[in-house]
Structure formats: structure tokens, C-alpha cells
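Below: one structure, written as C-alpha cells.
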There are 2 protein chains.
Amino acid sequence: MSQLKPDPIGRTALAVEITNRLRQMILEGVMQPGEKINEKALTTQFGVSRTPLREALKVLAAEGLLDLIPHRGAVITRQSEAEVAEVFQVLAALEGLAGDLAAKVASEADLAQITEMTEQLRRSYAETDRPTYFRINQAIHKAILVASGNDTLVKSHELLAHRVQRARYQANLTPERWRAAVEEHEAIAKALSARDTATASRLMQDHLLHKLTSIRVKS
Amino acid sequence: MSQLKPDPIGRTALAVEITNRLRQMILEGVMQPGEKINEKALTTQFGVSRTPLREALKVLAAEGLLDLIPHRGAVITRQSEAEVAEVFQVLAALEGLAGDLAAKVASEADLAQITEMTEQLRRSYAETDRPTYFRINQAIHKAILVASGNDTLVKSHELLAHRVQRARYQANLTPERWRAAVEEHEAIAKALSARDTATASRLMQDHLLHKLTSIRVKS
DNA sequence: GAAGTGAATTATGAATTCAATATTATGTCA
DNA sequence: TGACATAATATTGAATTCATAATTCACTTC
């Protein structure tokens, strides 16, 4: 749905490429919050002119990753703890909706895959393989979103999730929290498979809010 | 909150100005969905060069109002009924959260104002003054969002609400639906004032979903 | 020596120019 | 006449250039 392929073979617009790379750099923390962006420096680094770079900055500003101050340039948005909490509240609502919808409309294949991934999650936890755990965790959340069948929901979620990914990366995963998270995921998978919309929705919301608490504790 | 004033005296960037005007034009239906945008034509109409115009297009595309197809230009996003439904589902979730939060944290002054506006809504309904009704209706929704104290929620909602504003304008308001809507608003105001988070949340969600149905019927 | 003013430098905002791709028009051949 | 190939045109993508505002730094003055 709404999946028209506008760009058949590797001819992505330069501005798009720059947007993605810059976003990645910000999310990975290569560029720190509060840091001012020097257009000239970036153009030489990327080997492009200022025109597509500035277009990329406009997009990232629209996404909330940058603040564009007239005649002063772009600054990486600084995230207060309060703002992260705000975003998580919204994300929780969105994932709650995703849980509800997924329990309603997901295909059996979707549910099977989510269950399968949840088992992988359990294994990566048992092996204390954090990188794998994070990867699978993300994949599960994404899968549930997609299984909701609501593309707008997926995109809205993506936009916001980007903004707290930094905080998420740094979240400290205490042993207790980690164990709880795995169990929550298993409960979610179960509720989805049982087509229990109310429970799936509630569990998804709670799961997100718990995640927020674990981030908060750290700082 | 997050209300830093970046632009003291009237020196808005040209690109921002264009972005706003173009957005307005799209939302008001001056430019129809599916319509292809000719950059040259717009530059002459606005009296600017292509550079800031293209930056504006990038922003609007990020907002989901345009599709940017490589080497083919921008096209106003065409909204299928299914997409509108998707957006409304997400909006319902967001307004549900707003209801929950507002019932929890809104100031007494906020609640008094919402109640007051709800009474105005009733009056405008009694006088069958549709323009006023629409205006107050929007104001109430906005007020509840703001009263939630979650700025991220307000902005996310705004972004999505923009996208269905077109459909909303055209929604047919049958007498029954109109009456029901007013009653729903009164129930919401009551739940908020009673600090009944669960009810406020549920009513807000239902209200939005009902709105969707009334749009659907028409087409 | 510190504060303030003004020139020089640097960075951003916007227009213009150049290049590459897509669209349209024309003509040829079956 | 219709389909295809090719040329002409128009449009988009990106680099360069020009203009304007902000920052920096030196100098004057108290």
C-alpha cells in the first residue's frame, strides 16, 4: 500500500542521500546535540555543493532533528529529559494502537513471525548478546507496526522513534529490566496470537512506558 | 516550553514563507490532489527563485503533503479513502492520549475554558451557525491537546491533522451527526472536569472515529 | 585594563548558471 | 495509418555566484 517505487535503479537524488547520511550521523551521536552545523565543512566532507546539503537540512529540521535559526544556521536539537518523556508517551499511544490493530488484522503468517522473533529475543537474552537483542527488539516492534496494516501509523511512529533513538541507544539495561522486557515481549506475542486486542494494546503501551523509566533512571 | 524565539523582528526566511503559503494552498484545495507541481510556474507566481521554492517542496514532502519523484517533480499526494481512515485512526489514538493527559494535568483554568468553549459550541449548534461551530470545534480540540502539557503530542497531531483537513472540510454534517457531536463534546468536557482519565480518553477516541464515519458516508 | 565601536571576515540566504534526465514532437518505415 | 526511433524542448538536479546578515577582531576611549 502506497508502495510505489519511484526510483527503479540506483539513482537516488543527492539530497536524499545526504539526508539519510546526516540523519544517521545525528542518531549515532557522531554529531552531538547542541552542536552547530557548518555547511561549508559538511560540503567538503560529503563532496557536494551547498544546495543539496541545505535541502537535506530543511528536511531534518522538519523531522525535528535540527533547529534552523535564521541567518545563524542549523543546530542539532538538544533533548531534555522532559522532551524524551513526551515523545515516549506519544510512542506508547501509537504502539498501543499498533497492538490493537495487529491483534485484529494481522495475518497468521505475521503472527507466526512475531512469535518466532520473540523466541529469538529470548535466546539472545539468554546468551546476553546485547547487540543481537537490540536488533531483534527493533525488528519485533517494526513487525507489529507493519502488521497493523496502517502505513500512516508506521510512518508517524518512525518519525518519532528517530528522535529518541539516541536516548534509546544509551539506555542502561539493568538485569531486572532486561528480564522484564523479555517477558513483556512474550506476553505481547501471546496476546497478539490470541487476537486479544485490548490486552495487546495495553501491554504494548506499558512496555514502552517501562522502557522510558529505564532510561530515566540512568540520568 | 521549547518556546525560544528565534526570529525577533519580522525577518522570516523566504523558504519558510513559501512553505507556509504552499501548505495553505494545498490544504484549501487551491491545488488539487494528484496535481503535478511546476516549479517554474510557481517561481513566477511567488516572485522568487527556484532555490527557496525547492527547499519548501522538500519540507512539504517530509510532512507528507507532496510526493517527490526523482527527475519528475512534485505531486500533491492523492488521498484514498483508506489513507484518510488510517490517519483518523492515528489521530484518534493521539487525541485519546490527549484526553487522558489533560484529565490528569490540566489546570483548573484550562478546564474552565474548555467547558466554556463547549457551551459556545452548543450555542453555535442551536443557531445552526456552521462556520462558528467549525471554528470553536477546532479550538476545543486544540485546547485539549495543549492542556495535555505534551508539546510533542501537539505537534504530531498538528502534522497529521493537516493532512486530513481537506477531507474534514468537505465532511457532510448530517443533523443527527451534528447533534451527536455536540453531545460527545459535552461528555468530554464533563469527564475532563471530573478528572476521569479513562473516560476522557475513551470519549476522545470515539469522537474522532465517529467523525471518520461521517466522512465516509458522504463519499 | 576593560568596555564599546567599527571594520574585516565568515557564514548564511537566494539567484543564476550549468548539466542531466524526462517529455514531447517529428519523421521514417512497415 | 500506426508504431517505433530519433531529435527538439522543457524540466528537474546540482554547482556556482552574488547579496546580506552575523561573527570576529582590532582599535579607540574611558
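Fair warning: this is a prediction, and the values are worked out from it, not measured in the lab.
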Value in whole Å for how far the [atom2] atom of [N] lies from [atom1] of [X]:
{"X": "B/Glu55", "N": "C/dA14", "atom1": "CD", "atom2": "C1'", "value": "8 Å"}
{"X": "B/Lys40", "N": "C/dT17", "atom1": "NZ", "atom2": "P", "value": "13 Å"}
{"X": "A/Arg54", "N": "C/dA15", "atom1": "CZ", "atom2": "P", "value": "11 Å"}
{"X": "A/Phe46", "N": "D/dA15", "atom1": "CZ", "atom2": "C1'", "value": "17 Å"}
{"X": "B/Arg50", "N": "D/dT11", "atom1": "CZ", "atom2": "C1'", "value": "7 Å"}
{"X": "B/Asn38", "N": "C/dA22", "atom1": "CG", "atom2": "P", "value": "17 Å"}
{"X": "A/Glu39", "N": "D/dA22", "atom1": "CD", "atom2": "C1'", "value": "14 Å"}
{"X": "B/Leu53", "N": "C/dA14", "atom1": "CG", "atom2": "C1'", "value": "12 Å"}

Quiz item: Is B/Thr51 side chain donor-acceptor paired with the C/dA15 base, going by distance under 3.5 Å alone?
Solution: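 Yes, a donor-acceptor pair under 3.5 Å.
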
Quiz item: Is A/Arg72 side chain donor-acceptor paired with the C/dG13 base, going by distance under 3.5 Å alone?
Solution: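 Looking at the base of C/dG13, it does not pair with any donor or acceptor on the side chain of A/Arg72 (distance under 3.5 Å).
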
Quiz item: Has the side chain of A/Thr77 got a donor or acceptor atom that lies under 3.5 Å from a matching backbone atom of A/Gly64?
Solution: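 Checked: pair present.
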
Practice problem: Check whether any side-chain N or O of B/Gln79 sits under 3.5 Å from a backbone N or O of B/Arg163 as a donor-acceptor pair, and report yes or no. | Solution: yes

Quiz item: Does the side chain of B/Glu63 come under 3.5 Å of the side chain of B/His162 through a donor N or O and an acceptor N or O?
Solution: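 No, no side-chain donor-acceptor pair sits under 3.5 Å.
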
Quiz item: Looking only at side chains, do B/Glu95 and B/His207 share a donor and an acceptor under 3.5 Å apart?
Solution: no

Just checking [X]: base, sugar-phosphate only, or nothing, at a heavy-atom cut-off of under 4.0 Å?
{"X": "A/Ile37", "answer": "sugar-phosphate"}
{"X": "B/Ile18", "answer": "nothing"}
{"X": "A/Lys58", "answer": "nothing"}

State which of [options] makes the closest approach to the side chain of [X].
{"X": "A/Val48", "options": "D/dA15, D/dA14, C/dA14", "result": "D/dA15"}
{"X": "B/Ser49", "options": "C/dT12, C/dA14, D/dG13", "result": "C/dA14"}
{"X": "B/Pro52", "options": "C/dA14, D/dT16, C/dA11", "result": "C/dA14"}
{"X": "A/His71", "options": "D/dA22, C/dA14, D/dT11", "result": "D/dA22"}

Exercise. Using a cut-off of strictly less than 4.0 Å, decide whether B/Lys36 has a side-chain nitrogen or oxygen near OP1 or OP2 of C/dT23.
Key: no

Exercise. Measure the CZ-CD1 distance between B/Arg54 and B/Ile18 for me, rounded to the nearest 0.5 Å.
Key: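 Going from CZ on B/Arg54 over to CD1 on B/Ile18, the span is 12.5 Å.
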
